[in-house]
Engineer: 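Below is one structure. I have some questions about it.
Along the sequence shown, residues carry numbers from 1.
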Amino acid sequence: QVRLVESGGGLVQAGGSLRLSCAASGRTLTPYAMAWFRHAPGKKREFVSGISWAGGTTNYLDSVKGRFTISRDNAKKTVYMQMNSLGPDDTAVYYCAYGQFVRTGASNYAYWGQGTQVTVSS
């Protein structure tokens, strides 16, 4: 069993920044990939970013490229996502996910965090 706990969400004005963190614990089997998804009201859950074990492979949703950066610290079993130039369309609950490979499909991830709310005011 793997437990994921997100933190770092909050309320920010448009143009602002936030840094999300996700700490993993339990029986993590290396190597493993980590990803961020988000779910906004009235919209489908979507892949935002993903990173491989060594960080050599990253993937981003087109609309966040150049604004969001995913990174990880394997010694701390923590993945981060720096979010800059936030806009109202980024408002959502953000979830981190644990899987074997970096994939955009949610079904590829076996464990999920509880989510952290990000709200961007205009």
Side-chain angles (χ1 to χ4, degrees):
Q1 189 75 10
V2 175
R3 182 167 181 252
L4 303 175
V5 179
E6 303 98 334
S7 61
L11 173 64
V12 64
Q13 289 187 332
S17 299
L18 284 173
R19 188 194 194 205
L20 303 184
S21 299
C22 172
S25 62
R27 300 183 65 180
T28 54
L29 300 177
T30 59
Y32 57 91
M34 295 289 289
W36 290 96
F37 286 75
R38 66 186 181 187
H39 192 188
K43 297 182 179 179
K44 294 181 179 180
R45 179 174 50 182
E46 62 182 355
F47 172 89
V48 178
S49 66
I51 187 167
S52 60
W53 168 254
T57 298
T58 58
N59 195 8
Y60 294 92
L61 178 69
D62 283 347
S63 63
V64 309
K65 286 179 180 177
R67 299 189 299 122
F68 292 10
T69 303
I70 190 171
S71 61
R72 65 189 295 167
D73 183 335
N74 290 332
K76 296 181 179 179
K77 293 187 177 181
T78 300
V79 64
Y80 307 95
M81 185 164 69
Q82 177 68 41
M83 306 186 297
N84 299 328
S85 301
L86 285 162
D89 287 347
D90 296 313
T91 295
V93 178
Y94 284 72
Y95 299 89
C96 69
Y98 167 105
Q100 188 174 7
F101 302 108
V102 178
R103 297 285 187 269
T104 60
S107 61
N108 291 284
Y109 297 88
Y111 298 98
W112 294 77
Q114 296 282 65
T116 185
Q117 176 71 47
V118 171
T119 303
V120 185
S121 62
S122 57

Engineer: Tell me if the CD atom of Gln100 is crowded by more than 12 foreign heavy atoms within 6.0 Å.
Structural biologist: no
Engineer: Under a 3.5 Å distance rule, please check whether Glu6 uses its side chain to pair with a backbone N or O of Cys96 as donor and acceptor.
Structural biologist: yes
Engineer: Please examine the side chains of Met83 and Thr69, heavy atoms only from C-beta on, and report whether any two atoms are closer than 4.5 Å.
Structural biologist: no
Engineer: Counting only N and O atoms by type, is there a donor-acceptor contact under 3.5 Å from the side chain of Ser63 to the main-chain atoms of Leu61?
Structural biologist: no
Engineer: Could you go through Thr116 and Val93, starting from their C-alpha distance and side-chain angles, then the distance that decides it, and tell me whether this counts as side chain to side chain contact (heavy atoms under 4.5 Å, CB included)?
Structural biologist: CA-CA 5 Å; Thr116 185; Val93 178; over 6 Å; no
Engineer: State plainly whether one hydrophobic cluster holds both Val118 and Val48, where clusters connect Ile, Leu, Val, Met, Phe, Trp and Tyr through side-chain heavy atoms under 4.5 angstrom apart.
Structural biologist: yes
Engineer: Evaluate the side-chain proximity of Ile70 to Tyr80: yes if any heavy-atom separation is below 4.5 Å, no if none is.
Structural biologist: no
Engineer: Hey, quick one: are Met34 and Met81 part of the same hydrophobic cluster, counting side-chain heavy atoms closer than 4.5 Å, chains of contacts allowed?
Structural biologist: yes
Engineer: Do you reckon Trp36 sits in the same ILVMFWY cluster as Val64, going by side-chain contacts under 4.5 Å, direct or chained?
Structural biologist: yes
Engineer: Compile the donor-acceptor pairs under 3.5 Å between side chains in residues 7-33 and protein atoms, sequence neighbours left out, one pair per line.
Structural biologist:
from  : atom 1 : to    : atom 2 : distance (Å)
Ser17 : OG     : Asn84 : OD1    : 2.9
Thr28 : OG1    : Lys77 : NZ     : 3.1

Engineer: Do Ser52 side-chain atoms and Thr57 backbone N/O form a donor-acceptor pair below 3.5 Å?
Structural biologist: yes
Engineer: For the side chain of Asp90 and the backbone of Val120, is there at least one donor-acceptor N/O pair under 3.5 Å apart?
Structural biologist: no
Engineer: Is the shortest side-chain heavy-atom distance between Leu4 and Tyr95 below 4.5 Å?
Structural biologist: no
Engineer: Report the residue from Phe37, Tyr98, Tyr94 that forms a ring pair (Phe, Tyr, Trp, His ring centres under 6.0 Å) with Trp112.
Structural biologist: Phe37
Engineer: Are Tyr60 and Leu86 grouped together when hydrophobic residues (ILVMFWY) are joined by side-chain heavy atoms under 4.5 angstrom apart?
Structural biologist: yes
Engineer: For atom CD of Gln114, decide whether the heavy atoms of other residues, nucleotides or ligands shown that lie under 6.0 angstrom number more than 12.
Structural biologist: no
Engineer: For residues 102-111, which side-chain donor-acceptor pairs fall under 3.5 Å, sequence neighbours excluded?
Structural biologist:
from   : atom 1 : to     : atom 2 : distance (Å)
Asn108 : ND2    : Gly105 : O      : 3.2
Tyr109 : OH     : Arg103 : N      : 2.9
Tyr109 : OH     : Arg103 : O      : 2.6

Engineer: Output yes when a side-chain donor or acceptor of Arg38 lies under 3.5 Å from a complementary backbone atom of Ala92, and no otherwise.
Structural biologist: no
Engineer: Taking side chain as C-beta onward, heavy atoms only, is Val5 less than 4.5 Å from Arg3?
Structural biologist: yes
Engineer: Hey, is NZ on Lys76 packed in by over 12 heavy atoms from elsewhere, all under 6.0 Å?
Structural biologist: no
